[in-house]
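Right, one structure below, let's go through it.
Each ligand, and each atom within it, is numbered from 1 in the order the structure gives. Excluded from the calculations below are hydrogen atoms, water molecules and symmetry mates; all remaining heavy atoms, backbone and side chain alike, are included.
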Amino acid sequence: MNDDPNAFTLGPLQAGPPCCEPQPVIQVRNLSLRYNRQAALDNVSLDIYKGCITALIGPSGCGKTSFLSAINRMTDLIPGCSIDGRILVDNQDIHHPQCDVQALRRRIGMVFQKPAPFPLSIRRNIALPLNEHGTTQKTEVTAITETVLRDVGLWDEVCDRLDVSALSLSGGQQQRLCIARALALNPEILLMDEPCSALDPIASGVVEDLICSLQGRYTIVIVTHNLAQARRIANYAAFFWVKDQAGQLVEFGRCRHIFESPRDELTAAYVNGARG
Ligand SMILES: Nc1ncnc2c1ncn2[C@@H]1O[C@H](COP(=O)(O)OP(=O)(O)OP(=O)(O)O)[C@@H](O)[C@H]1O
């Protein structure tokens, strides 16, 4: 898949933790995305590496959310949205007519900017998606519920009140519940759209630590406006910018390189705060 001269690919890395081995799991090639006649992304090619955290950065309107939503075909749900180009997940073309979109979304979970638990009990928030995806045995659902609530550090806080409304939790707890809900389906990839931006600094720090703790077990693609956060948590960063009225990928690379020695002047200006 690396025959495309427009693709951003990296050479072999130094020996490092397994999460940093550059093994592409999502390969985006020449992705262009439109909302009716308005272009939102133009000819974006990018590899996302297995087990790593990749941050999508860039100013408002440069197409970060559109890019994220295209990866699990959430963009199918937006009237007027059309896509050109190819997205491969584990070498499977997600736009192939035989692609099972429900299975794709099970493999690729999504967490949104604003915590959006279902207006149900904490327990039902985890059980409902499991039931919908065919896991109905009570003992199994109970075991998964405890596992994922522990994974997000919520179990000790809620284990004695699993039947209260999820809406009674704090914003940070709600967001961790939403991450637990996504993890319950045992995804390989997590897409996160500004998961901390609606939270206060303390809750944001807790969710940020949680995201770091998931690194290696999951491939994570995160949109963030918080450059310090991207720098703290991501292995790779992709910098988008609006050129000719459409979002384009300016530069992709190891996070350290993007922030400390970017190749592109625009990237340097953005990460140094001179532009954007
Ligand atoms: N559902 C939609 N219908 C029409 N245009 C849209 C839709 N969603 C996004 N757009 C447009 O597509 C472009 C890219 O938007 P997108 O939300 O992907 O950018 P973004 O970088 O994530 O922005 P932000 O950081 O503000 O969330 C913008 O011009 C936006 O107005």
Taking the side chain as everything from C-beta on, heavy atoms only, tell me whether L177 gets closer than 4.5 Å to L149.
yes
Suppose we screen for ring-ring contact (aromatic ring centres under 6.0 Å, His included). Which residues come up paired with F239, at least two apart in sequence or across chains?
W241, Y270
Polar side-chain atom of E251 near backbone of D264 as donor-acceptor pair, under 3.5 Å
yes
Would you find a donor on one side and an acceptor on the other, under 3.5 Å apart, between the side chain of R231 and the backbone of F259?
no
Consider only side-chain N and O atoms of N235 and R256, and report whether a donor and an acceptor are under 3.5 Å apart.
no
Side chains of Y35 and S66: do they bring a donor and an acceptor to under 3.5 Å?
yes
Could you pull out the N/O contacts under 3.5 angstrom between ligand 1 and the surrounding protein atoms?
{"from": "ligand 1", "atom 1": "18 (O)", "to": "S66", "atom 2": "N", "distance (Å)": "2.9"}
{"from": "ligand 1", "atom 1": "18 (O)", "to": "S66", "atom 2": "OG", "distance (Å)": "2.5"}
{"from": "ligand 1", "atom 1": "19 (O)", "to": "G63", "atom 2": "N", "distance (Å)": "3.1"}
{"from": "ligand 1", "atom 1": "21 (O)", "to": "G61", "atom 2": "N", "distance (Å)": "3.4"}
{"from": "ligand 1", "atom 1": "21 (O)", "to": "C62", "atom 2": "N", "distance (Å)": "3.1"}
{"from": "ligand 1", "atom 1": "21 (O)", "to": "G63", "atom 2": "N", "distance (Å)": "3.0"}
{"from": "ligand 1", "atom 1": "21 (O)", "to": "K64", "atom 2": "N", "distance (Å)": "3.1"}
{"from": "ligand 1", "atom 1": "21 (O)", "to": "K64", "atom 2": "NZ", "distance (Å)": "2.8"}
{"from": "ligand 1", "atom 1": "22 (O)", "to": "T65", "atom 2": "N", "distance (Å)": "2.9"}
{"from": "ligand 1", "atom 1": "22 (O)", "to": "T65", "atom 2": "OG1", "distance (Å)": "2.9"}
{"from": "ligand 1", "atom 1": "23 (O)", "to": "G61", "atom 2": "N", "distance (Å)": "2.9"}
{"from": "ligand 1", "atom 1": "25 (O)", "to": "K64", "atom 2": "NZ", "distance (Å)": "2.8"}
{"from": "ligand 1", "atom 1": "25 (O)", "to": "H225", "atom 2": "NE2", "distance (Å)": "2.7"}
{"from": "ligand 1", "atom 1": "26 (O)", "to": "S60", "atom 2": "OG", "distance (Å)": "2.5"}
{"from": "ligand 1", "atom 1": "29 (O)", "to": "Q38", "atom 2": "NE2", "distance (Å)": "3.0"}

